[in-house]
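Okay, structure first, notes after.
All chains are named by letter (A, B, ...) in the order of the sequence lines, taking the proteins before the strands, and each is independently numbered beginning at 1.
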Amino acid sequence: MCVIFMLVPAVWAGGKKESASSVKTVTIWDFKCGSGASKVAMEQIDALIEKNNPDIKINHVAQPDGDNYYQLVRAAVQAGEGPDIVMFHGGVQAYEFDDFTLPLDKYIASWRSEIAEDNWAFCSEGGDGSKPVHMVPLTTQGFGIYTNKALLKKAGIDPDKVPATAEEFIANCKALKAAGIAPIVGGFSGGPYTVDFLFRCFIANIYGDKVADLAKNVDFIGNAQFKEACEIMKELMSNYIDDEATSTVYFTDAGDNFAAGKGAMFIGLLSDVNNWKTFCDALGKDNVGYYPTVNFTNASNKNIQVLQPCGIGYSIMSWSKNPDAAAKVLQAYGSGEGPGIFMGITGALGVNKKADINSLGYPIVGEILSRNSALDVTNILTNEDANSNFDRYCTEAFVTGEITIDEFITKCQSMLVNARAAR
Amino acid sequence: MNNRYDRTLKIIMYTFLGICAFVALYPIVFAVMTSVKTPEEYVTNKLGFPSKLTLDNYSYVWKNGNMLKYFMNTLLVIPAGLVFYLFICVSAGFAFGRLRFPGRLPLFLSVLFLMIFPQMLLSMQIFQICRSLKLVNNYFGLILVWVAYFSPFGTYIMTTYYSTVPMSLVESARLDGAKLYQMLFRIMVPIAQPMIIVITIIGTQSMWNELPFSMLLLQNADMRTITHSLGMLKGQYGLKDPILMAAILCAASVPIVLFLFFQKQITMGSYSGAVKG
Amino acid sequence: MKRKLSKKNTELFEPYMLITPLLILLAVFILYPVIANIVMSFFKWNGIKKPEFIGLENYAEMFKDEKFWGSIKNTGILLLYIPLGVILPLVVSAVLREGLKGWPFFRAALYLPNILGYVIMGSICNIVFRKTGPLNNILNALGLQNLAKDWLMSPSLAINSLGFVYGVWLRLGFGCIFFLAAMSSIDESLYDAAKIDGAKWWKTFFNVTLPSIRFSIEFWVVLSFIEVLARAFSFIYTFTNGGPGFATFTLEYGIYTSGFVAFKMGYASAWASVLFVFCAIIAVFQVKLMKREAE
């Protein structure tokens with residue numbers, strides 16, 4: 001009995017952490033800093049902040065990414081206490097917490113101009129540019145098609161020309177196949193990301209600056225070009241996406257395959273993994289080309305780049321006891337040396353206009369950022385649709401072929417209905 | 001006639017078991033082989049023997065996954081949890097199995113009834129409860145939840161065991177004037193020793209492999225258990241197979257070691273419940 | 001006189017003292033959540049704002065949701081593997097009880113999946129079952145190329161692989177040990193009598209072995225239902241993630257998605273209430289079984 005009662009306080013004490021010091025500790029919850037290039041970059045930036053601000057100490061907590069992360073944040077919100085700074089994905093996932101994050105306008109005033117107003121608007125309450133800003137954007141996330149120039153040349157295709165029409169794109173695929181090269185390296189095990197990401201490009205290509213209106217009154221149903229996009233997808237799936245790849249995992253195997261030169265094209269993302277940096281390092285800086293999308297629409301949307309104005313960003317939570325210190329940390333990540341360090345090490349695209357892209361030494365980045373951009377459709381969808389259902393519908397329609405294209409379009413339309421109901 | 005029949009049956013059985021054993025063991029062999037391959041080699045050579053052995057995957061898992069700390073955490077939490085678990089299972093098992101009191105059967109059946117519910121059903125509410133009781137981020141809270149979730153089964157096993165203990169033992173202990181807890185510790189525990197070893201092992205394995213509740217209740221990075229930390233390594237983008245295999249083998253290490261040493265007790269324990277009690 | 005009385009009194013309370021900690025824990029951490037869940041299914045709550053009472057709306061939405069009916073169908077398919085998961089260990093055990101050389105080795109190998117836990121087994125099986133994974137590689141090496149399919153990327157193959165691996169394969173080892181122990185308590189004289197009558201193996205199996213361990217068989221069936229309905233989540237999560245599409249999306253998975261991905265807690269509770277009904281039915285069977293044996 002005594003043993004038990006002795007154990008209880010011991011265990012209880014072991015669970016709690018006490019800290020009392022004159023230095024302000026800023027706790028950050030982050031789902032990127034746990035591993036990989038992000039970890040290295042953030043450690044550097046944190047060290048820089050602590051060096052420049054001796055009264056600030058940073059406690060950077062790595063949380064698991066994925067579904068659990070927002071569960072934890074919700075738990076903290078319910079408890080009314082938690083970290084000072086929380087990392088969010090831009091868009092609906094951040095807006096849900098608007099009531100619990102501080103408005104940042106006064107903290108960002110001094111360096112506001114370094115980031116475009118469009119990005120700030122996206123990071124405001126509910127995405128409404130007229131309302132206060134609640135989040136500092138760190139990266140912009142986009143999607144596009146990486147190409148292996150050497151393999152394109154081998155099949156007799158001009159590696160620097162972006163195909164002007166879908167027919168041209170398919171003709172290129174045919175030529176690659178005839179030359180014995182896998183046209184597109186894809187991966188569907190664990191998630192049909194190849195299909196998912198290409199659709200985001202398609203949607204940007206079709207709707208251009210009207211993507212945001214999909215959440216209001218613009219539909220998928222009845223749009224002939226959307227149907228055409230689905231049919232192109234089907235054709236790519238049956239003929240031109242590497243067959244063996246159906247069982248590889250997108251984020252590891254498929255990307256690795258492309259980096260190893262096993263295919264001419266890769267539907268990729270401009271995030272911190274499987275990105276231009278990884279591929280340039282593997283295939284050679286001059287050997288990696290990029291198409292922002294597959295073009296098949298009117299001229300104003302040609303070569304449009306789908307970009308989320310904020311991929312990930314930081315917000316200060318309303319219960320924070322050190323908002324000023326936290327704001328300094330945010331400033332160090334959002335401006336100054338921080339963005340450059342982050343971009344250089346991870347390859348994620350930053351939003352700070354002052355960050356010197358050319359000094360990174362990868363010409364392709366400048367090329368990507370110079371284009372017109374459109375919103376990513378998943379930024380307007382509900383959590384469940386964006387993170388789970390859309391992928392499942394893509395699998396049903398294009399990987400397993402369980403449902404027809406019309407059924408797929410109906411399901412996509414239902415996602416829009418959900419998005420509209422949630423507003 | 002019987003002999004030939006028997007022999008063919010035996011041959012079929014050996015073949016069948018052989019295949020089963022192969023199928024059961026091959027994934028482990030595969031995991032080990034993959035975990036010592038470099039990720040680069042794995043891209044091209046997924047299934048064969050590694051041409052170059054490397055322990056990098058393990059050091060990556062160990063360092064980046066902060067394995068040592070989490071091992072320590074787990075080594076702290078599990079024994080503490082086991083103390084509560086054993087206390088409850090043995091006491092309740094003895095009461096239900098050997099003592100006679102009104103309401104014994106209905107209460108026992110309700111315990112069994114509550115054994116069924118899946119973690120998914122319970123998680124959301126359990127979190128709310130722990131929050132109001134200030135048990136989040138607290139090993140004590142996690143232990144209570146673990147014990148609540150795992151002890152019905154342990155109690156059931158102890159009950160079936162104790163019901164086979166002769167009543168005379170209990171009677172004579174009482175006549176000797178023993179008080180309740182004296183009887184419990186001096187007599188009941190020693191008698192049930194083999195079974196207690198069994199439920200200790202079962203309890204350890206359950207707690208070691210448990211994930212949903214630890215994820216929910218332990219939010220401080222420092223407090224994680226080792227199984228929990230593996231979930232963290234995965235991240236949104238998944239993990240390269242070689243590293244994943246190394247991580248899995250690290251997490252599986254303790255259950256496997258326990259199993260190899262206590263094989264007999266573990267497999268004996270599985271059937272208590274099969275025999276009518 | 002006085003001493004004897006108080007002794008009698010404490011004796012009366014003893015059992016209750018012993019079981020009280022357990023009962024309190026169960027009431028707080030299992031009974032209350034179950035009931036709270038049912039109550040929550042009549043509300044709308046996203047985890048941050050205040051819950052809002054909406055009556056039967058969650059249920060109306062659920063019955064219209066094709067994901068719901070799909071998940072019921074998937075759960076049903078998994079349940080269909082239970083007979084095989086009962087018969088196979090039975091037959092194997094019956095033969096094994098005749099004695100087998102090297103049994104400890106086989107026992108260890110068969111039981112291994114159990115101790116690794118579902119999360120680990122799910123991850124390993126996920127890699128093994130891929131189109132370019134070890135399973136297909138072995139099939140190809142054996143010359144069975146046309147059997148080497150894409151197990152995880154075809155809806156019907158995925159759900160059936162899940163059913164077979166989870167419902168039959170993973171539990172074979174445990175089942176054998178379980179039934180072997182049960183059979184070990186059968187009276188040998190019954191077998192001797194059967195032998196004298198010249199009964200063949202099958203006859204003995206059906207007339208002697210099976211009836212003698214009836215309780216164990218019934219218990220195993222109930223256990224199987226519990227495993228499929230209420231314990232499969234970790235395995236499905238790591239094995240197929242509910243996919244491809246919605247092919248292995250079960251009730252448990254739906255609760256997870258609605259509750260922890262969509263954060264529609266009330267809606268998730270409605271699904272959970274349906275699962276509760278299924279679990280309760282099984283629990284009643286289990287309780288009836290135990291009651292019968294206890295008498």
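Residues C/Lys264 and A/Glu384 are in side-chain contact: their nearest non-hydrogen atoms beyond the backbone lie under 4.5 Å apart. Within the 4.5 Å cutoff, the side chain of A/Asn389 has heavy atoms near those of the C/Phe246 side chain.
Shown here are the ring pair (Phe, Tyr, Trp, His ring centres under 6.0 Å) partners of C/Phe276, two or more places apart in sequence or in another chain: B/Phe117.
Highest contact tally toward chain C, considering only A/Asp99, A/Asn383, A/Thr400, is held by A/Thr400 [criterion: heavy-atom pairs under 4.5 Å]. Taking chain A as the reference chain and counting heavy-atom pairs below 4.5 Å, the highest number among C/Ala247, C/Ser154, C/Ser258, C/Gly242 is found for C/Gly242.
With rounding to the nearest 0.5 Å, the separation of OH in C/Tyr256 from OG in A/Ser388 is 9.0 Å.
Residue A/Asp385: no heavy atom, backbone or side chain, is found under 4.5 Å from chain C. For A/Thr382, no part lies under 4.5 angstrom from a heavy atom of chain C. Using a 4.5 Å cut-off between heavy atoms, C/Phe249 touches chain A through its side chain atoms alone.
Taking both residues in full, the closest heavy atoms of A/Glu402 and C/Pro244 are given as OE1-O, 4.1 Å, listed atom of the first, atom of the second, then distance. In plain terms, the two heavy atoms of C/Met153 and A/Val399 that are nearest each other are SD-CG1, 3.9 Å.
Atom CZ of C/Phe42 is surrounded by more than 12 heavy atoms from other residues, nucleotides or ligands within 6.0 Å. Under a cut-off of 6.0 angstrom, the local environment of NZ in A/Lys234 is crowded, with over 12 non-hydrogen atoms contributed by other residues, nucleotides or ligands.
A salt bridge (charged side-chain N to carboxylate O under 4.0 Å, His left out) check over residues 68-96 of chain A, counting only residues at least two apart or in different chains, returns the pairs A/Arg74-A/Glu96.
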